[in-house]
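Down below is the structure, laid out as structure tokens.
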Amino acid sequence: MKSEPDAYSIKDLEREEQTLWDGIRNYQARNFMRSMKVGDQAFFYHSNTKPPGIVGLMEIIETNLIDPFQFDKSSKYFDNKSKRDNPRWDCVKTKYICEFKNMITLKELSETYTSEELTLVRKGNRLSIMPINQNIALELLKKFNQN
DNA sequence: GCCAACGTTGGC
DNA sequence: GCCAACGTTGGC
């Protein structure tokens, strides 16, 4: 799950302990989020920063929550086509697990995995939420985060 | 700042 | 339904 650290960083999550992952306005990303289950873990990725990469881990603690900002006219995430009785955008709540001692940079990831193994490193990929193969995820933790 | 790779919008 | 124009994301 990507976030620009200027907007919301792993440090923010550490301080707040949990957060609503709101503001997703892309159907593909939303659908991936809908497939999450309570207890799943997710990588926290810092995008649009130097260097970009995976900075920590979180756990999904609630699913199927309505994103309140779609009804908030003052929010940049307001969507006037979304109806109260049929909300278009939903989100999950995540909980801080840890920040990695050493972040795993996008460069390291793209040197280690192909775009088939890891959607994240596919050229031009803009999705802010995407699935990761469990074996790859475990291997990745082992390889880059021995401490 | 540039630009690739999308997604969205709207005219037809 | 098609597609051109435009907007956004995000690495570099």
Side-chain angles (χ1 to χ4, degrees), chain A residues 1-16 18-36 40-60 62-145:
Chain A
M1 300 171 80
K2 296 184 188 173
S3 178
E4 301 192 9
D6 287 348
Y8 195 85
S9 74
I10 186 84
K11 296 283 186 202
D12 294 318
L13 181 60
E14 180 179 17
R15 196 178 55 248
E16 296 179 0
Q18 57 183 49
T19 192
L20 203 59
W21 206 270
D22 53 65
I24 300 301
R25 295 292 179 273
N26 170 287
Y27 288 106
Q28 232 185 317
R30 182 202 67 181
N31 292 342
F32 284 138
M33 199 159 51
R34 282 184 176 173
S35 70
M36 293 175 182
D40 283 353
Q41 295 188 359
F43 289 112
F44 195 128
Y45 178 92
H46 278 178
S47 65
N48 212 357
T49 187
K50 284 179 186 175
I54 299 172
V55 292
L57 263 184
M58 345 180 242
E59 181 183 334
I60 310 304
E62 277 183 70
T63 58
N64 285 315
L65 301 162
I66 292 167
D67 186 334
F69 295 101
Q70 65 194 305
F71 303 122
D72 180 353
K73 281 199 169 71
S74 67
S75 168
K76 68 168 177 170
Y77 298 121
F78 177 68
D79 182 350
N80 67 354
K81 294 194 200 109
S82 186
K83 300 285 167 262
R84 292 246 177 213
D85 55 4
N86 186 22
R88 182 180 290 192
W89 307 109
D90 45 56
C91 52
V92 298
K93 190 176 271 185
T94 71
K95 186 180 79 176
Y96 176 83
I97 295 180
C98 67
E99 178 178 4
F100 293 157
K101 284 196 173 63
N102 303 297
M103 72 179 291
I104 309 171
T105 63
L106 177 62
K107 183 165 181 289
E108 291 170 321
L109 290 169
S110 55
E111 283 166 359
T112 311
Y113 297 105
T114 66
S115 58
E116 285 76 32
E117 292 168 322
L118 190 64
T119 320
L120 175 72
V121 304
R122 201 181 71 215
K123 192 184 173 196
N125 177 43
R126 296 181 310 154
L127 274 180
S128 65
I129 295 178
M130 68 200 89
I132 178 169
N133 174 284
Q134 178 152 337
N135 292 330
I136 301 275
L138 293 173
E139 185 187 299
L140 197 153
L141 277 172
K142 218 161 141 187
K143 260 187 186 154
F144 293 100
N145 206 46

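On a predicted model such as this, the values are computed, not experimentally measured, just so you know. The chains referred to below are lettered A, B, ... by the order of the sequence lines, with proteins before strands, and numbering in each begins at 1.
Between the CD atom of A:Glu108 and the P atom of C:dG11 there is a distance of 15 Å, rounded to whole Å. In this structure, A:Lys107 places its NZ atom 15 Å from P of C:dG11, rounding to the nearest Å. Straight-line distance from the OH atom of A:Tyr27 to the P atom of B:dT9: 8 Å, rounded to whole Å. Atom CG of A:Asn80 and atom C1' of B:dT9 are 13 Å apart (whole Å). In this structure, CG of A:Asn125 is placed 14 Å from C1' of C:dT8, rounded to the nearest angstrom. In this entry the distance linking CD of A:Gln28 with C1' of C:dT8 reads 15 Å, nearest Å. Note: CZ (A:Arg25) to P (B:dG7) measures 17 Å, nearest angstrom. Atom pair A:Asn26:CG and C:dG7:P shows a separation of 18 Å (rounding to whole Å applied).
A:Asp79 has a carboxylate O that lies under 4.0 Å from a charged side-chain N of A:Arg88, or vice versa, which qualifies the two as a salt bridge.
For the pair A:Asp12 and A:Arg15, the tightest heavy-atom approach, listed with the atom from each and the gap, is OD1-NH2, 3.0 Å.
Distances shorter than 4.0 Å separate some side-chain N or O of A:Lys81 from OP1 or OP2 on B:dT9. Close to C:dT9, at under 4.0 Å from its OP1 or OP2, lies no side-chain N or O of A:Tyr45. Contact check, A:Lys123 against B:dA4: no side-chain N or O comes under 4.0 Å of OP1 or OP2.
Rounded to the nearest 0.5 Å, atoms CD1 (A:Ile60) and CG (A:Asp40) are 6.5 Å apart.
Identified under the side-chain hydrogen bond (donor to acceptor under 3.5 Å, both in side chains) test for residues 118-134 of chain A, with sequence neighbours left out: none.
The side chain of A:Pro52 has C:dG11 as its nearest neighbour among B:dT8, C:dG11, B:dA5.
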